Trainee: 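Got a structure for you, written out below as structure tokens; questions coming shortly.
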Amino acid sequence: MAMANTMASTALLPSFDGLRAQAPCQKIASSAPTTSGSPAYQPLSVVADKRVQKRRQVILTEDVEYLGKTGALLAVKTGYFRNFLYPTGKAKLATPEILKAIRKEEDRKEEERKAVKAEAEGVARLLQNAGVFTLRRKRGGQGKQIFGSVTSQDIVDIIRANTKQEVDKREVTVPEVREIGQYVVEIKLHPEVIAQVKINVVGQ
């Protein structure tokens, strides 16, 4: 009965991270007699489990030099996380719930980026379909030369007057205008959207 209890408790030993218990060993024949008359058993042995994860997905909870910024999702060595990042509070494990929340936030930001770009494309079409904007400048004597030049603020004002659309003058690129004629002005409405607006400078 004592031997049976020993075998039952052996089968219920808990498993450990990085270690695994070998299956209970089979009975082996023994030429040496035992006092109880029961067959002998091999002792339980514990060996390293090579299936332990070598890297873990983590999220940085603060900036870590040479590694990443707060909120970065990274794969790091298990030992580095266990011995440094986690004890110092610099990172936490990326659980399935956290990963799901990250993907949801990324999807939201992507939709927002698409909406901003689509709005910029709409403004670009509006400006380009508005035709040619006319600017009047005083002639500078004979020929086509004019007094002064055409500035970004001039472009902002004429666009507002003709389309009611506001644009940032810092994003307006005006070519050098020294005489009457037609010119193309570029307006950066978005990192990926640039509107080309035609202006006609006439003398007066």
Side-chain angles (χ1 to χ4, degrees), residues 55-76 81 85 89-204:
R55 301 185 76 84
R56 293 292 182 91
Q57 274 195 310
V58 303
I59 297 174
L60 297 183
T61 53
E62 61 180 75
D63 294 352
V64 180
E65 190 175 8
Y66 307 121
L67 187 61
K69 298 289 185 180
T70 302
L73 177 63
L74 306 168
V76 299
F81 171 73
L85 294 177
K90 297 181 183 298
K92 60 183 178 181
L93 277 177
T95 64
E97 293 77 13
I98 292 177
L99 291 175
K100 183 178 179 180
I102 290 175
R103 286 193 293 269
K104 185 176 180 180
E105 178 64 13
E106 288 177 347
D107 291 342
R108 185 193 67 78
K109 289 181 178 180
E110 180 62 23
E111 290 300 318
E112 188 176 88
R113 285 192 290 267
K114 288 180 179 179
V116 171
K117 182 179 178 181
E119 182 180 356
E121 290 172 338
V123 174
R125 286 192 295 271
L126 171 67
L127 298 179
Q128 291 172 175
N129 293 336
V132 180
F133 296 94
T134 300
L135 284 169
R136 299 186 180 280
R137 287 292 183 271
K138 187 176 180 180
R139 285 180 180 272
Q142 299 296 323
K144 295 183 177 181
Q145 289 189 338
I146 61 173
F147 281 114
S149 61
V150 176
T151 67
S152 297
Q153 188 60 54
D154 292 328
I155 303 301
V156 171
D157 293 341
I158 197 170
I159 287 176
R160 182 190 301 118
N162 286 271
T163 67
K164 309 300 181 183
Q165 179 66 50
E166 295 289 341
V167 296
D168 187 346
K169 73 175 184 178
R170 294 171 298 181
E171 303 298 338
V172 177
T173 302
V174 183
E176 185 176 6
V177 179
R178 294 299 180 184
E179 58 184 34
I180 61 175
Q182 285 199 357
Y183 300 86
V184 175
V185 174
E186 291 189 344
I187 304 174
K188 188 176 182 180
L189 302 169
H190 180 275
E192 301 176 19
V193 181
I194 296 178
Q196 292 188 328
V197 176
K198 294 180 180 179
I199 62 171
N200 185 31
V201 180
V202 299
Q204 61 179 15

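Computed from a predicted structure; not experimentally measured.
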Trainee: Between Ile180 and Arg139, is there a side-chain heavy-atom distance shorter than 4.5 Å?
Mentor: yes
Trainee: For Glu121, which residues count as a salt bridge (Lys or Arg N to Asp or Glu O under 4.0 Å) partner, sequence neighbours excluded?
Mentor: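 With sequence neighbours excluded, Glu121 shows a salt bridge (Lys or Arg N to Asp or Glu O under 4.0 Å) to no residue whatsoever.
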Trainee: Taking the side chain as every heavy atom from C-beta outward, state whether Ile155 and Val197 have any pair of such atoms under 4.5 Å apart.
Mentor: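 In short, these two side chains do not touch, never coming nearer than 4.5 Å.
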Trainee: Taking side-chain contact (heavy atoms from CB on, under 4.5 Å) as the definition, give me every residue that meets it alongside Ile158, ordered by chain and number, with sequence neighbours left out.
Mentor: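 Only Phe133, Leu135, Asn162 meet the side-chain contact (heavy atoms from CB on, under 4.5 Å) criterion with Ile158.
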Trainee: Looking only at heavy atoms, which two atoms of Glu186 and Ile194 are closest? And how far apart?
Mentor: CB-CG2, 4.0 Å
Trainee: Got a sec, which pairs hit salt bridge (Lys or Arg N to Asp or Glu O under 4.0 Å) with one end in residues 91-107, sequence neighbours left out?
Mentor: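 Listed once each, the pairs are Glu105-Arg108.
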Trainee: I need the full list of salt bridge (Lys or Arg N to Asp or Glu O under 4.0 Å) pairs touching residues 192-204, with sequence neighbours left out, sorted by first then second residue.
Mentor: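 Only Lys117-Glu192 qualify under salt bridge (Lys or Arg N to Asp or Glu O under 4.0 Å).
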Trainee: My understanding is that only residues two or more places apart in sequence, or in another chain, count here; which of them pass side-chain contact (heavy atoms from CB on, under 4.5 Å) with Asn200?
Mentor: Val132, Thr134, Gln182, Val202
Trainee: Could you work out, with side-chain contact (heavy atoms from CB on, under 4.5 Å) as the rule, every residue matching Glu119, not counting sequence neighbours?
Mentor: none
Trainee: Is there a side-chain contact between Asp154 and Arg137 (heavy atoms, below 4.5 Å)?
Mentor: yes
Trainee: Can you tell me how far apart CD (Glu171) and NZ (Lys169) are? Round to the nearest 0.5 Å.
Mentor: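 Between Glu171 CD and Lys169 NZ, I get 12.5 Å after rounding to 0.5 Å.
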Trainee: In chain order, what residues pass the side-chain contact (heavy atoms from CB on, under 4.5 Å) check against Ala94, with sequence neighbours excluded?
Mentor: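 Gln57, Ile59, Leu73, Leu99.
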Trainee: For Lys144, check salt bridge (Lys or Arg N to Asp or Glu O under 4.0 Å) against everything at least two apart and list the hits.
Mentor: none
Trainee: Working to the nearest 0.5 angstrom, can you tell me the gap between Gln165 CD and Ile187 CD1?
Mentor: 9.5 Å
Trainee: So which atom in Arg178 and which in Ser149 form the shortest heavy-atom distance, rounded to 0.1 Å?
Mentor: NH1-CB, 4.1 Å
Trainee: Sequence neighbours left out, what passes side chain to side chain donor-acceptor pair (under 3.5 Å) with Thr173? Give chain and number order.
Mentor: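 For Thr173, no residue satisfies side chain to side chain donor-acceptor pair (under 3.5 Å) once neighbours in sequence are set aside.
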Trainee: Mind checking what makes salt bridge (Lys or Arg N to Asp or Glu O under 4.0 Å) contact with Glu111, not counting sequence neighbours?
Mentor: none
Trainee: Mind listing the closest non-hydrogen atom pair of Tyr183 and Glu176 along with its distance?
Mentor: CE2-O, 3.9 Å
Trainee: Answer whether the closest heavy-atom distance between the side chains of Val174 and Thr151 falls below 4.5 Å.
Mentor: no
Trainee: Using side chain to side chain donor-acceptor pair (under 3.5 Å) as the criterion, list what pairs up with Glu179, not counting sequence neighbours.
Mentor: none
Trainee: What are the two closest non-hydrogen atoms of Leu60 and Leu74, and how far apart are they?
Mentor: CD1-CD1, 3.7 Å
Trainee: Which heavy atom in Ala124 sits nearest to a heavy atom in Val193, and how many Å separate them?
Mentor: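 Scanning both residues, the minimum pair turns out to be CB-CG1, 3.9 Å.
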Trainee: Could you list the residues that satisfy salt bridge (Lys or Arg N to Asp or Glu O under 4.0 Å) with Glu166, not counting sequence neighbours?
Mentor: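 Applying salt bridge (Lys or Arg N to Asp or Glu O under 4.0 Å) to Glu166 gives Arg160.
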Trainee: Can you name the nearest heavy-atom pair linking Val185 to Pro175, along with the distance?
Mentor: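 It is CG2-CD, 4.2 Å.
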Trainee: How many angstroms lie between atom NZ of Lys164 and atom CD1 of Ile159, to the nearest 0.5 angstrom?
Mentor: 13.5 Å
